[in-house]
Trainee: 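Mind looking over this structure? Questions follow.
Bear in mind the structure is a predicted one, so any value in this text is a computation, not a measurement.
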Amino acid sequence: MEIKNTLKYHILFGFVIVFMNIFRKYVTMGHERFISNYNFFAVLLTITFFIAFFSVYVLNIRVICPKTLAKKNLIYFFLSQVSLFFIFPALRYFLEEVVLYTITGYHNYSEKSRTFWYYIFDNSYYSLKVILFSTFIYLLFIFLKNKNKIHQLELEQQKAELSALKTQLEPHFLFNTLNVFYSELAETQPKTAKGIHKLSELLRYLTYEAQKDYMPLQSEIKFVKDYMYFYEKRFEDNLFVNLKIEGEISMQEIPSLMLIHFVENIFKHGIVNDPSFPAEINIQSTENHFILKTRNKISLVKNYSSNGIGRENLKKRLSLLFDNNYIFDFNENDVEYSTHLQIPLKK
């Protein structure tokens, strides 16, 4: 949940807190005492109290929890919560005993009660209350956000499976037929047999292996190489696509069929037979990240605007899988199209 979607709930929660506080005083003090004690100074004290209360609430829920609890830095989280235990009374003291006293000439606490440790102790209940409330609300929104993300991923997976089912032939029949062709041509026409074998591997990967959410990086790269093989056969010596791979490529995992989106766009919408402007596919594997950069000349016949749906679907998938922990940029002009993708590696 983004702030624009949760702000209304925070405001509603604030109104509930204020109402419950006033209602508690009304019940414990009685009607007459409540009315008589609620003078102008009491209203100002209530306002300053809630300014301090919700200042700490916002500080915890918007700064401390996202920077500590969300990143599992429990030590920093604990130390930050302890600091809030002192920040709340400090804010309240400043607003009531400095600002409000300057305006009205009245103190909320007596002189003896304004000693440091007594003031901290007397506000400990309210400090603990705002800390627990804000942390609970933060965790609640995180839980709802993750639950919604899981639901969206399940829907996307179901859509993908349904789409695959609609376009699949009976896989066993298809693979058996390809194996028969491969066996018949293996000795007499080895080049043709090799192509059939690679086609069989492509289909098998799409049908069985790539149904998982994540696949080994080396499997995804092999799939891309097999895909490019058929274009090499088609263009022969007129294919100019440079594939560069850097870093250790092993069993690190990335989302399945993520690479093929970028490679397929190059062959479908780009020019790959111009030796003066070869297409580039750069793959880099670092310790924690997978980085992909592509660059190609744009075909005058086809343009990338027709591929907007696929690009939006990719961005949606990246957001569901990695939240904001990814980079996906693309640049397009009249001559070339380039992309930059960086995602965390799953080990």
Trainee: With a cut-off of 6.0 Å (strictly less than), are more than 12 heavy atoms of other residues, nucleotides or ligands near CG of Asp237?
Mentor: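 For Asp237, atom CG is not crowded (no more than 12 foreign heavy atoms under 6.0 Å).
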
Trainee: Determine the interplanar angle of the Tyr231 and Phe267 rings, folded into 0 to 90°, and report it as parallel if under 30°, tilted if 30 to 60°, perpendicular if over 60°.
Mentor: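 The arrangement is parallel - the two ring planes meet at less than 30°.
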
Trainee: I'd like to check Leu44 versus Thr104 (side-chain heavy atoms, cut-off strictly below 4.5 Å). Are they in contact?
Mentor: yes

Trainee: Report the residues that fulfil ring-ring contact (aromatic ring centres under 6.0 Å, His included) with Phe86, sequence neighbours left out, ordered by chain and then residue number.
Mentor: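 Partners of Phe86 by the ring-ring contact (aromatic ring centres under 6.0 Å, His included) criterion come out as none, since no residue qualifies.
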
Trainee: Please indicate whether Phe121 has more than 12 foreign heavy atoms, meaning atoms of other residues, nucleotides or ligands, lying under 6.0 Å from its CZ.
Mentor: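 Not buried by this count: 12 neighbours or fewer within 6.0 Å.
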
Trainee: Nearest heavy-atom pair of Phe85 and Ile131: which atoms, and what distance?
Mentor: N-CD1, 3.8 Å

Trainee: Indicate the atoms forming the closest heavy-atom contact of Asn273 with Pro275, along with that distance.
Mentor: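 Smallest interatomic distance, heavy atoms only, reads O-CD, 3.5 Å.
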
Trainee: Any chance you could lay out the salt bridge (charged side-chain N to carboxylate O under 4.0 Å, His left out) test for Arg295 and Glu280, step after step, and finish with the verdict?
Mentor: CA-CA 5 Å; Arg295 176 176 173 267; Glu280 297 178 0; 3.8 Å; yes

Trainee: As a test of understanding, state which of Ile221, Thr294, Ile291, Val224 forms a side chain to side chain contact (heavy atoms under 4.5 Å, CB included) with Ile283.
Mentor: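 Only one option passes, and that is Ile221.
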
Trainee: A side-chain contact here means heavy atoms from C-beta on lying under 4.5 Å apart; do Glu97 and Arg114 qualify?
Mentor: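 Glu97 vs Arg114: side chains touch.
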
Trainee: Please confirm whether the backbone N or O of Glu336 pairs with a side-chain atom of Asn333, one donor and one acceptor, at under 3.5 Å?
Mentor: yes

Trainee: Below 4.5 Å, heavy atoms only, C-beta onward: do Pro344 and Asn325 meet side chain to side chain?
Mentor: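 Yes, close enough: below the 4.5 Å cut-off.
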
Trainee: Under a 4.5 Å side-chain heavy-atom rule over Ile, Leu, Val, Met, Phe, Trp and Tyr, are Ile47 and Val130 clustered together?
Mentor: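 Yes, Ile47 connects to Val130 through the hydrophobic network.
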
Trainee: Can you tell me how far apart CZ (Arg62) and CG (Leu59) are? Round to the nearest 0.5 Å.
Mentor: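 That separation rounds to 11.5 Å.
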
Trainee: Might you work through the side-chain contact (heavy atoms from CB on, under 4.5 Å) test for Ile281 and Asn242, ending with a clear yes or no?
Mentor: CA-CA 6 Å; Ile281 304 171; Asn242 298 327; over 6 Å; no

Trainee: Classify the ring geometry of Phe54 against Tyr57: parallel below 30°, tilted from 30° to 60°, perpendicular beyond 60°.
Mentor: perpendicular

Trainee: If you take all heavy atoms of Ser285 and Ile249, which pair is closest and at what distance?
Mentor: CB-CD1, 3.7 Å

Trainee: Mind checking whether Tyr109 and Arg92 have side chains closer than 4.5 Å, heavy atoms only?
Mentor: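 Yes, close enough: below the 4.5 Å cut-off.
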
Trainee: Enter the distance from Lys129:NZ to Ser134:OG here, rounded to the nearest 0.5 Å.
Mentor: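 Between atom NZ of Lys129 and atom OG of Ser134 there are 12.5 Å.
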
Trainee: Return the CG to CG distance between Leu74 and Leu69, rounded to the nearest 0.5 Å.
Mentor: 7.0 Å

Trainee: Can you measure from CZ (Phe262) to CG (Asn296) and round to the nearest 0.5 angstrom?
Mentor: 12.0 Å

Trainee: Show, in sequence, the C-alpha distance, side-chain angles and deciding distance for Thr339 and Lys293, and conclude whether the side-chain contact (heavy atoms from CB on, under 4.5 Å) test is met.
Mentor: CA-CA 6 Å; Thr339 64; Lys293 294 181 180 180; over 6 Å; no

Trainee: Is there side-chain contact between Thr135 and Gln81, with at least one heavy-atom pair below 4.5 Å?
Mentor: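 In short, these two side chains touch, coming nearer than 4.5 Å.
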
Trainee: Consider only side-chain N and O atoms of Gln252 and Ser250, and report whether a donor and an acceptor are under 3.5 Å apart.
Mentor: yes

Trainee: State, with a plain yes or no, whether a side-chain heavy atom of Ile260 is found less than 4.5 Å away from one of Phe223.
Mentor: yes

Trainee: Identify whether Tyr106 and Leu45 are in the same connected component of the hydrophobic contact network (ILVMFWY, side-chain heavy atoms under 4.5 Å).
Mentor: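 Same hydrophobic cluster.
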
Trainee: Identify the two heavy atoms, one from Ala52 and one from Leu95, that lie closest to each other, and give their separation to 0.1 Å.
Mentor: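 Smallest heavy-atom distance, with atoms named: N-CD1, 4.0 Å.
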
Trainee: Do you know the tightest heavy-atom contact between Val272 and Phe235?
Mentor: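 Shortest heavy-atom separation between Val272 and Phe235 comes out as CG2-CZ, 3.8 Å.
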
Trainee: Could you tell me if the side chain of Pro255 sits less than 4.5 Å from the side chain of Arg317, heavy atoms only?
Mentor: yes

Trainee: For side-chain contact (heavy atoms from CB on, under 4.5 Å), just list the numbers for His340 and Ile327, CA-CA rounded to whole Å, side-chain angles, deciding distance to a tenth of an Å, and then say yes or no.
Mentor: CA-CA 7 Å; His340 174 207; Ile327 297 173; 4.0 Å; yes

Trainee: Is Val58 reachable from Phe133 through a run of I, L, V, M, F, W or Y residues, each pair having side-chain heavy atoms under 4.5 Å apart?
Mentor: yes

Trainee: Would Leu12 and Leu139 show up in the same hydrophobic cluster when neighbours are defined by side-chain heavy atoms closer than 4.5 Å?
Mentor: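 No, because Leu12 and Leu139 fall into different hydrophobic clusters, even though each may have its own neighbours under 4.5 Å.
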
Trainee: Any luck finding a side-chain donor-acceptor pair between Ser113 and Ser110 under 3.5 Å?
Mentor: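 Short answer, yes.
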
Trainee: Is a donor on one side and an acceptor on the other found under 3.5 Å between the side chain of Glu220 and the backbone of Leu257?
Mentor: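 Between the backbone of Leu257 and the side chain of Glu220 there is a qualifying donor-acceptor contact (under 3.5 Å).
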
Trainee: Are Met251 and Tyr214 connected in the hydrophobic side-chain network, where two residues link if heavy atoms are under 4.5 Å apart?
Mentor: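 The answer is no; the residues belong to distinct hydrophobic clusters.
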
Trainee: To the nearest 0.5 Å, tell me how far Ser338 OG sits from Ile298 CD1.
Mentor: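 It is 9.0 Å, given to the nearest 0.5 Å.
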
Trainee: Decide yes or no for Phe49 and Phe88: does some side-chain heavy atom of the first lie under 4.5 Å from some side-chain heavy atom of the second?
Mentor: yes

Trainee: Can you name the nearest heavy-atom pair linking Asn123 to Pro89, along with the distance?
Mentor: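 Smallest interatomic distance, heavy atoms only, reads CB-CB, 4.0 Å.
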
Trainee: Would you call the rings of Tyr119 and Tyr93 parallel, tilted or perpendicular, where under 30° means parallel and over 60° means perpendicular?
Mentor: perpendicular

Trainee: If you measure from CG on Leu292 to CD on Gln342, what distance do you get to the nearest 0.5 Å?
Mentor: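 It is 11.0 Å, given to the nearest 0.5 Å.
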
Trainee: Quick check: does any side chain N or O of Ser83 sit under 3.5 Å from a backbone N or O of Ser80, one acting as donor and the other as acceptor?
Mentor: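 Yes; at least one donor-acceptor contact below 3.5 Å.
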
Trainee: Does the Glu232 side chain pair with the main chain of Phe230, one donor and one acceptor, at a distance under 3.5 Å?
Mentor: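 No; judged by distance alone, with no hydrogens or angles, the pair does not exist.
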
Trainee: Donor-acceptor check, side chain of Ser256 to backbone of Met215, threshold 3.5 angstrom: yes or no?
Mentor: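 Looks like no, no N/O pair under 3.5 Å.
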
Trainee: Go through it in stages, so that I can follow the logic: the residues are Leu318 and Met258, the test is side-chain contact (heavy atoms from CB on, under 4.5 Å), and I'd like the CA-CA distance, side-chain angles, deciding distance and then a yes or no.
Mentor: CA-CA 9 Å; Leu318 288 168; Met258 183 73 74; 3.6 Å; yes

Trainee: Is it the case that more than 12 heavy atoms not belonging to Phe116 sit under 6.0 Å from its CZ atom?
Mentor: yes

Trainee: Run Phe277 and Phe240 through ring pair (Phe, Tyr, Trp, His ring centres under 6.0 Å) and show every step you take.
Mentor: CA-CA 8 Å; Phe277 200 131; Phe240 299 95; over 10 Å; no

